[in-house]
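First comes the structure, then the notes that go with it.
Residue numbering restarts at 1 for every chain, and letters A, B, ... go by the order of the sequence lines.
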Number of protein chains: 2
Amino acid sequence: METSAPNPAQSSATYRRNTKQRTAIVAMLSSFDDFRSAQQIHDLLTERDNPVGLTTVYRALQALAADGAIDVIIADDGEARYRLCSRGHHHHLVCRGCGSTVEVAGPTVERWAAKVAAEHGFTEPEHTIEISGLCPNCQAN
Amino acid sequence: METSAPNPAQSSATYRRNTKQRTAIVAMLSSFDDFRSAQQIHDLLTERDNPVGLTTVYRALQALAADGAIDVIIADDGEARYRLCSRGHHHHLVCRGCGSTVEVAGPTVERWAAKVAAEHGFTEPEHTIEISGLCPNCQAN
DNA sequence: CTTTGTGCAAAGGCTTTGCATGCTT
DNA sequence: AAGCATGCAAAGCCTTTGCACAAAG
């Protein structure tokens with residue numbers, strides 16, 4: 001699975017109107033600290049009596065991503081997952097057994113990635129890193 | 001975009017029959033050194049008078065991936081791309097302008113990834129790294 | 001001869017788009 | 001009042017599946 005490099009050019013967050021749907025979606029995202037699919041968000045909103053059209057969920061997530069407010073990852077099955085941007089730049093250590101994630105910061109790789117890009121004459125480098133393994137809990141099984 | 005870590009458990013490559021379609025697909029893959037989509041492979045085979053059903057292409061790629069013979073990456077648009085496993089483990093530096101890729105080896109990150117996993121008690125670590133930027137050529141434009 | 005592979009057509013799943021209506025500003 | 005936002009339905013893509021036929025061993 002892939003993590004979009006936390007948007008470096010989170011540009012000029014275009015203007016958006018405040019609607020209760022958008023608010024509900026952001027609130028929903030705030031209640032998680034890990035990634036959820038558009039469908040999951042839509043289903044949860046519906047369950048909690050705050051139904052929002054699936055289309056609207058997709059459009060809101062698209063807008064939030066464009067503004068650099070959320071991180072998007074594309075899972076191995078091609079489905080997108082979203083999560084509010086965390087405060088800093090970091091990567092994920094994902095358990096292949098249970099899917100739990102750990103956020104890791106990595107000054108080492110940041111530098112390495114920048115260096116590699118520079119060595120090949122590439123500018124405006126971004127990077128994507130995902131580490132997976134079996135967490136202590138899943139090793140027991 | 002995401003690079004599946006070169007299949008570690010490339011298990012017991014199950015038996016497969018030799019058919020001209022499968023041969024053609026592998027030959028096609030051999031002629032590239034970068035990633036192609038199933039559609040691209042299918043189209044090229046058709047153009048080169050060696051038509052193979054799209055379904056067959058998908059099934060063959062699926063089988064090859066299961067055998068650990070090819071690497072699969074899921075692009076940002078959710079489309080899968082395939083490439084014959086390269087000899088060694090490496091990562092990609094991709095140009096966001098023209099899509100050209102450069103293979104880079106990175107002992108530094110390899111160690112870093114292993115260390116991070118170990119620090120959190122994760123075993124059987126695998127990792128995925130993708131670096132993008134603008135290549136010298138595209139900076140001119 | 002038996003089993004696996006092939007290919008067409010159709011279905012599936014995620015995401016986007018068209019368009020009329022509703023709400024924000 | 002003007003314009004973006006919403007939501008339903010429908011369309012688009014990529015990918016998988018059902019099924020009958022062909023090919024491999």
Side-chain angles (χ1 to χ4, degrees), chain A residues 1-2 4 12-29 35-67 69-83, chain B residues 1-4 12-29 35-67 69-83 99:
Chain A
M1 115 181 12
E2 177 268 352
S4 70
S12 42
T14 9
Y15 175 72
R16 316 282 181 195
R17 281 186 180 171
N18 301 327
T19 65
K20 59 175 182 295
Q21 289 90 339
R22 186 180 297 275
T23 304
I25 292 169
V26 174
M28 186 88 273
L29 284 167
F35 293 88
R36 296 297 150 102
S37 70
Q39 290 280 358
Q40 288 179 307
I41 294 167
H42 170 262
D43 292 350
L44 284 169
L45 286 169
T46 301
E47 283 174 22
R48 301 181 186 177
D49 301 314
N50 212 332
V52 174
L54 182 56
T55 306
T56 301
V57 172
Y58 273 109
R59 279 195 279 231
L61 292 172
Q62 209 168 257
L64 288 167
D67 292 349
I70 59 177
D71 284 335
V72 184
I73 65 175
I74 310 263
D76 288 348
D77 60 357
E79 191 186 46
R81 303 277 161 68
Y82 312 82
R83 195 202 53 177
Chain B
M1 101 185 27
E2 177 270 352
T3 305
S4 71
S12 43
T14 10
Y15 175 72
R16 315 283 183 195
R17 283 185 180 172
N18 302 326
T19 66
K20 59 175 182 297
Q21 288 91 337
R22 183 180 300 273
T23 304
I25 292 169
V26 173
M28 187 87 271
L29 284 167
F35 292 88
R36 295 297 150 100
S37 71
Q39 290 280 358
Q40 286 179 308
I41 294 168
H42 172 260
D43 292 350
L44 284 168
L45 286 168
T46 302
E47 281 173 23
R48 299 181 186 176
D49 300 315
N50 212 332
V52 173
L54 181 57
T55 307
T56 301
V57 172
Y58 273 110
R59 279 195 278 233
L61 292 172
Q62 208 168 259
L64 288 166
D67 293 350
I70 60 178
D71 284 334
V72 185
I73 64 174
I74 309 265
D76 287 349
D77 61 356
E79 193 186 45
R81 302 279 161 67
Y82 311 83
R83 194 200 52 178

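Here the closest heavy-atom approach between residue Asp71(A) and residue Phe35(A) is recorded as O-CE2, 3.8 Å. Minimum interatomic distance between Arg36(B) and Gln40(B) (heavy atoms only, all atoms of both residues): CA-OE1, 3.2 Å. When all heavy atoms of Ala38(B) and Leu54(B) are compared, the pair lying nearest together is O-CD1, 4.3 Å. What you find for Arg22(B) and Arg17(B) is that their closest heavy atoms are NE-O, 3.5 Å. Nearest heavy-atom pair, Asp49(B) versus Pro51(B), reported as atom, atom and distance to 0.1 Å: C-CD, 3.2 Å. Across all their heavy atoms, Val57(B) and Ile25(B) have their closest contact at CA-CD1, 3.8 Å.
Rounded to whole Å, the distance from CG on Leu64(A) to P on dA5(D) is 12 Å. One interatomic measurement links the two molecules: CZ of Arg36(A) to C1' of dC14(C), which rounds to 18 Å at whole-angstrom precision. Atoms CG (Leu61(A)) and P (dT15(C)) sit 9 Å apart, rounded to a whole Å.
In terms of phosphate contacts, Gln21(B) brings a side-chain nitrogen or oxygen within less than 4.0 Å of OP1 or OP2 of dG7(C).
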Working for side-chain contact (heavy atoms from CB on, under 4.5 Å), residues Met28(B) and Asn50(B): CA-CA 10 Å; Met28(B) 187 87 271; Asn50(B) 212 332; over 6 Å; no
Audit row: Asp76(B), Val72(A), side-chain contact (heavy atoms from CB on, under 4.5 Å) steps and yes/no: CA-CA 9 Å; Asp76(B) 287 349; Val72(A) 184; over 6 Å; no
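Residues of residues 41-49 of chain B that place a heavy atom closer than 4.0 Å to DNA chain C do not occur.
His42(B) places no side-chain N or O within 3.5 Å of a backbone atom of Gly53(B) that could act as its donor or acceptor partner.
The closest side-chain heavy-atom distance from Thr19(A) to Thr56(A) is not below 4.5 Å.
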Heavy-atom protein contacts under 4.0 Å, nucleotides 15-25 of chain D, coded B base, S sugar-phosphate only, - none: BBBB----BBS
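Over its length, the helix from dC1(C)-dG25(D) to dT25(C)-dA1(D) turns its helix axis by 30°, as judged from the five terminal pairs at each end, rounded to 10°.
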